[in-house]
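Structure, as structure tokens:
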Amino acid sequence: MADDRPILLFDSGVGGLSVLGHVRKALPSAAFVYAADNAGYPYGTKSEAEIASRVPALLGRLAERFGPRIIVIACNTASTIALSHVRAALDLPVVGTVPAIKPAAIASKTRVIGVLGTEATVRQPYVDRLSAEFASDCRVIRFGSAELVDLAEAKLRGKVPDPGKMRAILAGLYSQPDGNRIDQLVLACTHFPLLADEIAVAGPPGVTLVDSGEGIARRTAFLTQGQDWPSMPKGTAVFTSDTPDIADLRPALATFGLGAVQIL
Ligand code: DGL
């Protein structure tokens with residue numbers, strides 16, 4: 001029997017599209033609602049208290065409006081700060097996005113790992129815990145950048161990121177002590193896989209980029225195993241603010257299967 005309940009993915013902006021790509025591949029028959037909190041963007045420069053109160057409230061409204069079967073918080077900042085609050089507030093399975101420190105540590109030969117996220121994410125105790133649990137014998141070098149998030153947003157609106165700017169931003173990571181020994185770079189913000197080519201070119205050669213997208217897709221497929229799917233899968237993008245630049249995003253949204261756009 002057809003089950004029309006969508007999978008709801010959530011981010012502050014377009015970053016979660018990098019996660020949606022993986023989830024769609026794993027679950028091609030699913031219907032998706034992709035919610036971007038552009039009214040609250042960016043999250044990475046906000047306080048923990050702001051994120052912890054905003055995200056569960058907004059997800060509550062989205063859950064009421066769209067009746068999803070599962071929620072994927074496709075945002076490291078929101079997940080590392082508010083995942084437990086969201087799970088406590090909602091009676092739905094919730095998958096979070098947390099930095100892929102574990103696979104990076106397994107793969108690292110130099111035992112030096114970079115973690116590139118938002119300023120809010122890289123200072124989280126959640127990242128301390130992941131580092132202690134999975135990378136205790138590695139040096140974990142963190143760097144937070146709001147500029148890089150903006151460049152990813154601009155890229156999806158058709159603006160090519162400036163290579164000089166990219167190099168200057170990444171120097172903040174690689175010029176730290178032992179930064180030149182990084183061999184695994186964790187993309188700990190869902191916006192950054194959208195800039196993977198530019199990030200790779202702007203850094204030294206031989207660095208492998210690692211993100212959480214595939215792991216999240218596997219987890220989402222596992223939690224929805226055996227369920228029925230809609231007869232006609234479709235994708236809707238939802239924004240929390242009606243801004244003119246949403247029009248510039250339409251081509252990118254369409255490539256992720258999001259043909260319809262709504263304002264919450
Ligand atoms: N995409 C988000 C993340 O994974 C946050 C970007 C932002 O709003 O600062 O952290």
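Whatever order the structure lists ligands and atoms in, that order sets their numbers, starting from 1. This is a predicted model, so every value here is computed, not measured.
- For residues 137-148, every residue pair satisfying the salt bridge (charged side-chain N to carboxylate O under 4.0 Å, His left out) rule, not counting sequence neighbours, is listed here: R111-D137, D128-R142, R139-D178.
- When only modelled atom types and interatomic distance are considered, N76 and Y43 share no side-chain donor-acceptor pair under 3.5 Å.
- Each salt bridge (charged side-chain N to carboxylate O under 4.0 Å, His left out) pair with one or both residues in residues 209-234, not counting sequence neighbours, would appear here, but there are none.
- Residue P68 is tested with V33, I7, L92 for a side-chain contact (heavy atoms from CB on, under 4.5 Å); the sole match is L92.
- At a cut-off of 3.5 Å, with distance as the only test, a side-chain donor of D183 or S108 sits close to an acceptor on the other residue.
- A heavy-atom cutoff of 4.0 Å around ligand 1 is satisfied by the protein residues D11, S12, Y41, P42, Y43, G44, C75, N76, T77, T118, V149, C189, T190, H191.
- For D4, the side-chain contact (heavy atoms from CB on, under 4.5 Å) criterion is met by P230, not counting sequence neighbours.
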